[in-house]
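One structure is given here, and the rest of the page talks about it.
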Protein chains: 2
Amino acid sequence: MTRGGLARAVAVDRSSPVPLYFQLAQALEAAIASGAIPARTRLDNEVALAGELGVSRPTLRRALEELAHKGLIVRRRGQGTHVVPTRVRRSLTTISLHDDLVRAGQRPATRVLSLDVVPAPDVVADRLGLVARAPVLRIERLRLAGGSPVAKLLNYLPDGLVEPDVARLETESLYQLYRAAGVVLHAAWQAVGARSATAEEARLLLEEPGAALLTVTRQTYDDRGRVVEYASHLYAASRYTVELGLLNG
Amino acid sequence: MTRGGLARAVAVDRSSPVPLYFQLAQALEAAIASGAIPARTRLDNEVALAGELGVSRPTLRRALEELAHKGLIVRRRGQGTHVVPTRVRRSLTTISLHDDLVRAGQRPATRVLSLDVVPAPDVVADRLGLVARAPVLRIERLRLAGGSPVAKLLNYLPDGLVEPDVARLETESLYQLYRAAGVVLHAAWQAVGARSATAEEARLLLEEPGAALLTVTRQTYDDRGRVVEYASHLYAASRYTVELGLLNG
DNA sequence: CAGTGGTCTAGACCACACC
DNA sequence: GTGTGGTCTAGACCACTGT
């Protein structure tokens, strides 16, 4: 994008409360995605580009850093900034947790199997940072896609964090409930493994006993660093895989 | 850390080629990890802190942004910057791919099962962005830990990217070879699933036929956006799980 | 209200890549 | 050399949070 035509495709609104660098990043990402800025294009240098777009260089740089972090562009000293040629680029932008079921065609549904306040088992109390047998909210759900069960979800939450509500649990994700309760999720640690299904699990997930299941164990933290969830999930591996984007591997 | 004593714990070397913000971030991270800056501490405000440390506010901010991104601190407008109280914090800093075997006690070893240049199978050519049946390097390895096999690793690489060398493959990781060849890995996409072991796989991994295996399929990109690897790995799930740190989930 | 982090600017110098 | 992105500065104004 050398001829300055970029300034028309990427217009910013200085009266908007949305930060300039964010507007720029989004506009540039859209322009790249739509092909308005073709792959392998070399962008103008930062000083010139900032001039064309009517922002300062640091502001432009912050936008470019975002795109570089997402893998959409590559910047190299002495050489310039290029739009990455890769075809399969979509998966890289975000790290998907597990709600990928919302994708193409799948009609996700949730059935609440149980919803109780119980004394925390030792391992749960330890992971949540609570004293032994402290009351915790235990949520057991069955996730269905296209009418058939794909996962059994077991979550433990500190008591009082969100309102237990079967109806909402069956229509919204747990993360939507967190957000509604003002909890800002920030980071998580998770381990992925596999094991064979027990008879009971096989029955729930409509698999053969002994079929391979994907296990995901996770701790989620909020922006204060408190553990807000301990989860132990079980996926029917024949119909489900976890997709992950990794950066700076 | 209010009393300015921080300036002694966090000293920067302005003659070093290492960027100031990076020195700051590392020093602060070390101070937090060691307890020199205790959990829940409220840091001085940014202007004051920058003054104490002898850097400008943007430079300090860049360091703090790094720490915030890693989940070590929390910054809130009107309220200040606090050190996060979480206990289990180590896993969050980086996203581990699969070489976690190097951890505590495990003596990792690798046996090269095969190493050939072959015409690319269709799926591989597609994933690597090559024409059908283009020559690719096919590497089949068995990973052992503590003397017993834990994973069968199958990798396809564009021909000519690295030198095929059995000896080095058995002592170093594939990623070390990439680095040595000047390839800068940048991003990856991977899918994690599970399935039951075939008789042949069970024999290799010393598992029962039908045992649950963890499958990892991955594409790795370099900093130019080229696909430099297509991998299909198989883990003995009874002895291995994949750990992942997730940010901004 | 006062204090905090969030954003933005204009300019400077440096390290590296290619000619 | 010349041109590029990488780093750093000093200062300004704003939006939000608590009192």
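Note on naming: letters A, B, ... go to the chains in the order of the sequence lines (proteins, then strands), and numbering restarts at 1 for each one. If you're wondering where the values come from, they're calculated on a predicted model, not measured in any experiment. All values below come from the heavy atoms of this structure, side chains included, with hydrogens, waters and symmetry mates left out.
Of the residues B:L128, B:L130, B:L157, B:T220, the one that meets the side chain to side chain contact (heavy atoms under 4.5 Å, CB included) test with B:V227 is B:L128. Checked against B:N155 for a side-chain hydrogen bond (donor to acceptor under 3.5 Å, both in side chains), the options B:R218, B:R141, B:R138 give a single hit: B:R141.
Between D:dG3 and A:N45, no contact under 4.0 Å exists linking OP1 or OP2 to a side-chain N or O. OP1 or OP2 of D:dT4 sits under 4.0 Å from a side-chain N or O of A:R42. Regarding contacts with the backbone of D:dG18, a side-chain N or O of B:Q79 is found under 4.0 angstrom from either OP1 or OP2.
Heavy atoms of B:R62 sit under 4.0 angstrom from primed sugar atoms or phosphate atoms, though from no base atom. Residue contacts shown for B:R57 include a base, since a base heavy atom lies under 4.0 Å away.
Here the side chains of A:E229 and A:Y178 are in contact, with some heavy-atom distance below 4.5 Å. Between A:R143 and A:H233 there is no side-chain heavy-atom pair separated by less than 4.5 Å. Looking at A:E52 and A:L49, their side chains come closer than 4.5 Å, going by heavy atoms from C-beta outward. Using a 4.5 Å cut-off on side-chain heavy atoms (C-beta onward), B:L53 and B:T59 make no contact.
The 5' end of DNA chain D is approached more closely, in terms of each residue's nearest nucleotide, by A:V47 than by the other of A:V47 and B:P58. Each of A:G54 and B:T81 was matched to the nucleotide of DNA chain C holding its nearest heavy atom; the match closer to the 5' end belongs to B:T81.
Around atom CG of B:D13, more than 12 heavy atoms belonging to other residues, nucleotides or ligands sit under 6.0 Å away.
Side-chain contact check for B:R62 and B:Y21: at least one donor-acceptor pair (N or O, by modelled atom type) lies under 3.5 Å.
Rounding to whole angstrom units, NE2 of residue B:H82 and P of D:dT17 are separated by 15 Å. One atom, CZ of A:R75, and another, C1' of D:dT4, lie 11 Å apart when rounded to the nearest Å. Across the protein-nucleic acid pair, A:R77 atom CZ and D:dG5 atom P stand 11 Å apart, rounded to whole Å.
For the atom pair A:L115 CG and A:L137 CG, the distance stands at 5.5 Å (nearest 0.5 Å).
Proximity of residues 13-21 of chain B to DNA chain C (heavy atom under 4.0 angstrom from any strand atom) is not detected for any residue.
With a cutoff of under 4.0 Å to any heavy atom of chain B, the contacted region of DNA chain C is bounded 5' to 3' by C:dG3 to C:dT7.
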